Amino acid sequence: MRILFSSTPQHGHLLPVFPLARAFRDRGDEVAVITSASFGPLFAAEGITLLPVGPEIPVLLAEAARLAGVDDPTVPDPAVAAELFAGARIDLTADEAVAAAREFGPDLIVAEATDYVGPLVAATLNVPYAKLAFGPLIPAQFTNAFDAVAERRYKARDLTMTAPTWYLDPCPEALQSPDWQAPEGRLPLRPEAHRGAETSDNSATTRATGGPRPKVLLSFGTHFAAPQVLRPIIDALAPKADLVVTLGLTATAADYGDELDHVELVGFTPLTELLDGIDLVVTHGGAGTTLGTLSRGLPLVVVPQGADQFIQAGAVADSRTGVAVMPPASADAVAEAVTEVLDNAAYRTHAQGVAEQISAMPSPREVADQLAAILI
């Protein structure tokens, strides 16, 4: 079979598609991904074909800001998000994507939750598509705005928006909202902590464990790890725990200041390699980090910075798998939340319960096999 994935060109959107893409690849299917060219090395390492189409995220953000008439497109506003995912991205990517997909000839298109290019390609080529969620269900106030913007682009191309045939859902029951209802065509899909091409999901590091102090991972993902945000938190946590801190994509250790010899600073590293020996994760609440951490039964302190991170923060707080520190979040408030979680074993117990739910969900290979059996 020929399976085409489509994703917004950001790590937080792309990395959650890897487990299912690998599963199709390992079945012997031909797999390709539509996203921007900068991710070429990431897919080359996986032996997965990249169909490079559309601009990078800074260009998309600038166009979304213009379309929405705002100065800051990063604020979590439904109108701005709609212009990013369903407006600017369709305008600047769809034609290239349709041409590339037509040449590839997919039997199935898998689009991540905020990707509107993949569904448009599916409608153009009359190919079934699956929506791949990356966390709890996005609230209707956002998705309705996304759909309204996308629908205008579809009409301009004489296309009709259609619902996905399958909704691939990596969110365990404990993190769903109380009024959640399963979307049509839902297939549970076990989430995994991101791993590199050469590592297994259970890869261990040489990090020491069992020391006298707890070990805390401080990770604000690839795009939110600003030194001016993390350094105060590092200073507030250092007296309480041994720290492993991720630097994001562009920062260096020097950007975080002096006197950090006691902190392990690491560049972009697959999450599965970071979680070994960790007692608690302090995070911005990206869906991949949140679900990957909980898949290992580890509790969290979530400090949302934007985007969908407030959804994950609420889910973590409601499930008692950790504590959410909402803005304006002081470093002292984060430190207090860390103390609360480390001193109360109930958070770890709840996190371990969620890990059991995740473990019971169908694996990516099982989902790939199920979809293939339906399509054949």
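Computed from a predicted model, the values in this text were never measured in an experiment.
R186 places no side-chain N or O within 3.5 Å of a backbone atom of Q181 that could act as its donor or acceptor partner. For the pair E112 (side chain) and T8 (backbone), a donor-acceptor distance under 3.5 Å is present. Listed for the T124 side chain is no donor-acceptor partner under 3.5 Å among the backbone atoms of A122. Side-chain atoms of E366 come within 3.5 Å of backbone N or O of S363 as a donor-acceptor pair. A donor-acceptor pair under 3.5 Å links the side-chain atoms of Y129 to the main chain of T162, judged by distance alone. Checking side-chain atoms of Q312 against main-chain N and O of G285 turns up a donor-acceptor pair under 3.5 Å. Side chain of Y116 to main chain of G87: no donor-acceptor pair is present (N/O by atom type, distance under 3.5 Å, no hydrogens or angles). Side-chain N or O atoms of D107 include one that pairs as donor or acceptor with a backbone N or O of R2 at under 3.5 Å. The closest donor-acceptor contact from the side chain of S7 to the backbone of P9 lies at 3.5 Å or more, if one exists at all. At distances below 3.5 Å, not a single donor-acceptor pair connects side-chain atoms of E192 with backbone N or O atoms of R190.
Under the 4.5 Å side-chain heavy-atom criterion for ILVMFWY residues, no single connected hydrophobic cluster contains both L132 and L137. The hydrophobic cluster containing V149 does not contain L159, counting ILVMFWY residues as joined when their side-chain heavy atoms lie under 4.5 angstrom apart, directly or transitively. One hydrophobic cluster holds both I34 and I57 under the rule that ILVMFWY side chains link at heavy-atom gaps under 4.5 Å. By the rule that hydrophobic residues join a cluster once side-chain heavy atoms approach within less than 4.5 Å of another member, L42 and F134 end up as members of separate clusters. I358 and W180 end up in different hydrophobic clusters when Ile, Leu, Val, Met, Phe, Trp and Tyr side chains are linked at under 4.5 Å.
Ring orientation note: the planes of H13 and F85 are tilted relative to one another, at an angle of 30° to 60°.
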E151/T160 under side-chain contact (heavy atoms from CB on, under 4.5 Å): CA gap, chis, key distance, verdict: CA-CA 8 Å; E151 189 171 12; T160 300; over 6 Å; no
Take L14 and F43, measure what side-chain contact (heavy atoms from CB on, under 4.5 Å) needs, and give me the verdict at the end. CA-CA 10 Å; L14 272 166; F43 290 103; 3.6 Å; yes
Checking H11 against F39 for the side-chain contact (heavy atoms from CB on, under 4.5 Å) test, could you report, in this order, the C-alpha distance in whole Å, the side-chain angles of both residues, the deciding distance, and whether it holds? CA-CA 9 Å; H11 283 81; F39 293 94; 3.5 Å; yes
Under the side-chain contact (heavy atoms from CB on, under 4.5 Å) criterion, do E264 and D242 qualify, and how do the steps go? CA-CA 8 Å; E264 184 180 345; D242 294 332; over 6 Å; no
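In terms of heavy atoms, R27 sits closest to M1 at NH2-SD, 4.4 Å. The minimum heavy-atom distance between L243 and A238, with the atom names listed, is CD1-N, 4.0 Å. M361 and P191 make their closest contact through SD-CD, 4.0 Å (heavy atoms, listed as atom of the first residue, atom of the second, distance). Nearest heavy atom pair, residue P304 against residue M326, reads CG-SD, 3.5 Å. The two residues A313 and V302 come nearest to each other via the heavy atoms CB-CG1, 3.6 Å. In this structure, P299 and T293 approach most closely via the heavy-atom pair O-CG2, 4.3 Å.
The residues D276 and R296 are annotated as not salt-bridged, no charged nitrogen and carboxylate oxygen being separated by less than 4.0 angstrom. Classification of R157 and D95 as a salt-bridged pair holds, one side-chain N sitting under 4.0 Å from a carboxylate O. The existence of a salt bridge linking R365 and D26 is excluded, since no basic side-chain nitrogen approaches an acidic carboxylate oxygen closer than 4.0 Å.
Paired with V323 under the rule side-chain contact (heavy atoms from CB on, under 4.5 Å), one option of L300, N344, V334, V341 passes, and it is V341. Exactly one residue among L274, T289, T269 makes a side-chain contact (heavy atoms from CB on, under 4.5 Å) with T246. That residue is L274.
With values rounded to the nearest 0.5 angstrom, D169 atom CG is found 9.5 Å from L187 atom CG. Note: L175 CG to T290 OG1 = 8.5 Å, rounded to the nearest 0.5 Å. For the atom pair NE2 of H284 and CZ of F310, the computed distance is 11.5 Å after rounding to the nearest 0.5 Å. One finds the CG atom of L371 at 9.0 Å from the CG atom of L189 (value rounded to the nearest 0.5 Å). To the nearest 0.5 Å, the span separating CD on E63 from CD on E83 amounts to 8.5 Å. The CG atom of L84 sits 11.0 Å away from atom CD1 of I90, with the distance rounded to the nearest 0.5 Å.
A 4.5 Å side-chain heavy-atom check between I48 and F5 finds every atom pair outside the cut-off. Looking only at side-chain heavy atoms (C-beta outward), W166 and K131 stay at 4.5 Å or farther from each other. Contact annotation: the side chain of L298 approaches that of R348 to within less than 4.5 Å [non-hydrogen atoms, C-beta and beyond]. The shortest distance between side-chain heavy atoms of R320 and T349 does not fall below 4.5 Å. Counting heavy atoms from C-beta on, the side chains of T93 and T35 never come closer than 4.5 Å. P170 places a side-chain heavy atom less than 4.5 Å from the side chain of L291. A 4.5 Å side-chain heavy-atom check between L67 and D91 finds at least one atom pair inside the cut-off.
More than 12 heavy-atom neighbours from other residues, nucleotides or ligands sit within 6.0 angstrom of CD on E340.
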